[in-house]
Amino acid sequence: MLRQALLFASRSGGARRIVETAPFTGDVVRRFVAGETVEDATRVTGDLTAEGLLVTLDVLGEGTEDGRRVEANADRYVALLERLGESALGARAEVSVKLSAIGLSLGEQLGERLALENARRICGAARSASTTVTLDMEEHTAVDATLRIVHELRRDFPDVGAVIQAYLRRAEEHCAELAYEGSRVRLCKGAYAAPEAVAFTDKEEIDKSYVRCMKVLMAGKGYPMLATHDPRLIDIGGALAVLNERDADTFEYQMLYGIRSAEQRRLAGKGAQVRVYVAYGRDWYEYFMRRLAERPANLKLFARSIVGRA
Ligand SMILES: Cc1cc2nc3c(=O)[nH]c(=O)nc-3n(C[C@H](O)[C@H](O)[C@H](O)COP(=O)(O)OP(=O)(O)OC[C@H]3O[C@@H](n4cnc5c(N)ncnc54)[C@H](O)[C@@H]3O)c2cc1C
């Protein structure tokens with residue numbers, strides 16, 4: 001119930017104004033968001049990579065329906081990638097892109113065409129910086145268009161990463177289609193509100209789906225990216241790597257910046273590849289609300305910081 005309410009609030013203009021202007025929001029936001037500028041992002045990336053972690057950077061700005069902001073978002077990715085190339089961080093840091101930030105929200109046909117064009121531009125900049133792009137997966141209504149764009153981009157950029165959300169009933173089928181040689185696939189549980197008709201809503205069922213998907217990806221020929229903080233699923237991922245005789249460099253774990261940081265370092269210390277998803281930018285509201293929805297304790301933390309400081 002609380003999760004649904006927070007996800008609903010993530011789409012509400014009124015709630016947005018209240019949260020964004022609350023005087024002490026910043027302290028809690030900073031736990032999950034690396035900062036507002038490209039300098040903040042590269043500084044955090046430098047720190048994380050120096051500790052042996054990999055990074056994927058997300059320039060916040062999803063759900064953009066304004067053409068000029070769409071272009072500005074794509075430009076921000078290109079500028080970030082130029083910076084990664086210049087600082088030689090490209091070897092250890094890639095980018096994650098939400099298609100709704102670069103055009104997909106601008107209507108069915110025009111939106112998809114524009115998102116593809118902008119994604120192609122970003123992929124070109126990533127190649128020049130010796131790095132890669134992963135296309136995040138958003139609302140269930142955007143899944144088909146996102147997968148179409150992944151397939152189209154992979155003709156020229158075979159290393160483009162796809163994302164599968166285990167809560168979707170079609171997840172296992174999609175994993176089987178994507179488990180081919182060279183295919184980079186991030187598996188996550190799914191962070192949006194989705195109806196029963198298309199998604200599992202019970203936690204146990206989502207976890208079981210995650211395990212089924214993991215089995216398909218880890219037994220396949222692609223490059224699985226296991227995005228979860230769930231200790232049980234991380235252990236099963238490790239066991240599947242042993243079972244499928246996978247070397248440590250043939251898959252990776254992924255976690256979000258600010259969540260289970262000690263576990264990120266523990267796994268990397270054991271020789272696993274661990275990539276941290278680092279979001280930055282001014283448009284943090286929706287990203288932040290999803291982090292609150294994932295864990296009610298975060299909401300208490302947020303409330304306490306406001307009450308404590310007021
Ligand atoms: C690298 C990465 C990329 C992602 N990309 C996408 C994407 O493209 N599309 C998409 O829909 N979703 C994405 N997600 C979000 C994902 O779908 C889940 O919503 C999120 O990861 C929480 O699920 P979990 O697997 O960690 O399991 P959960 O069962 O939610 O959590 C397991 C444990 O992890 C810790 N934890 C989890 N979330 C939080 C939190 N917010 N704050 C504090 N502790 C927490 C808690 O200890 C919790 O008990 C991504 C997640 C990661 C890690």
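Both counts, for ligands and for their atoms, begin at 1 and track the order of listing.
- Ring pair Tyr287/Tyr277 is parallel by interplanar angle, where below 30° counts as parallel and above 60° as perpendicular.
- Of the protein's heavy atoms, Leu256 CD2, 3.8 Å lies nearest to atom 51 (C) of ligand 1.
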Quick one: do Arg76 and Asp283 satisfy salt bridge (Lys or Arg N to Asp or Glu O under 4.0 Å)? Show the steps, please. CA-CA 13 Å; Arg76 279 192 195 104; Asp283 256 332; over 6 Å; no
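- Within the 4.0 Å cut-off (strictly below), a protein heavy atom is located near atom 12 (N) of ligand 1.
- Atom numbering of ligand 1 starts at 1 in the shown order; those under 4.0 Å from a heavy atom of Gln165 are 9 (N), 10 (C), 11 (O).
- Any N or O atom pair closer than 3.5 Å counts here, and His229 shares at least one such pair with ligand 1.
- Without hydrogens or angle criteria, Ser100 side chain to Glu62 main chain gives no donor-acceptor distance under 3.5 Å.
- Summarising the geometry of Asp136 relative to Val163, their closest heavy-atom pair is CA-CG2, 3.9 Å, with the distance given to 0.1 Å.
- Of the protein's heavy atoms, Met137 O, 2.7 Å lies nearest to atom 9 (N) of ligand 1.
- Within a 4.0 Å radius of atom 31 (O) of ligand 1, the protein contributes no non-hydrogen atoms.
- Protein heavy atom in closest approach to atom 39 (C) of ligand 1: Ile259 CD1, 3.6 Å.
- Under the 3.5 Å distance criterion, with hydrogens and angles disregarded, a donor-acceptor pair is assigned to the side chains of Tyr223 and Glu252.
- If you check which protein heavy atom lies closest to atom 43 (C) of ligand 1, you get Arg295 CD, 3.3 Å.
- To the nearest 0.5 Å, the span separating CZ on Arg169 from NE2 on His174 amounts to 14.0 Å.
- A salt bridge links Asp75 to Arg121: at least one charged side-chain nitrogen sits closer than 4.0 Å to a carboxylate oxygen.
- Residue, atom and distance of the protein heavy atom nearest to atom 42 (N) of ligand 1 are Asn298 ND2, 2.7 Å.
- At a cut-off of 3.5 Å, with distance as the only test, a side-chain donor of Glu94 or Thr134 sits close to an acceptor on the other residue.
- Under a 4.0 Å N-O distance rule, the pair Lys215/Glu172 does not qualify as a salt bridge.
- In this structure, Arg186 counts as a contact residue of ligand 1, since one of its heavy atoms falls inside 4.0 Å of the ligand.
- Closest protein heavy atom to atom 24 (P) of ligand 1: Thr228 OG1, 3.6 Å.
- Counting the atoms of ligand 1 from 1 in the order shown, those under 4.0 Å from a heavy atom of Lys203 are 29 (O).
- Of the charged side-chain nitrogens involved, none lies within less than 4.0 Å of a carboxylate oxygen, so that Arg232 and Asp235 do not count as a salt-bridged pair.
- Contact atoms of ligand 1 toward Asp136: 8 (O) (distance under 4.0 Å to a heavy atom of the residue).
- Looking from atom 19 (O) of ligand 1 to the surrounding protein, the closest heavy atom is Glu294 OE2, 2.6 Å.
- Atom 14 (N) of ligand 1 has its nearest heavy-atom neighbour, among Ala279, Ala166, Gly190, Cys188, in Cys188.
- Nearest-heavy-atom check against atom 23 (O) of ligand 1 across Lys189, Arg290, His140 picks out Lys189.
- With hydrogens and angles left out, the side-chain atoms of Tyr167 and Asp207 include no donor and acceptor closer than 3.5 Å.
- Distances from atom 48 (C) of ligand 1 to the protein include no heavy-atom value under 4.0 Å.
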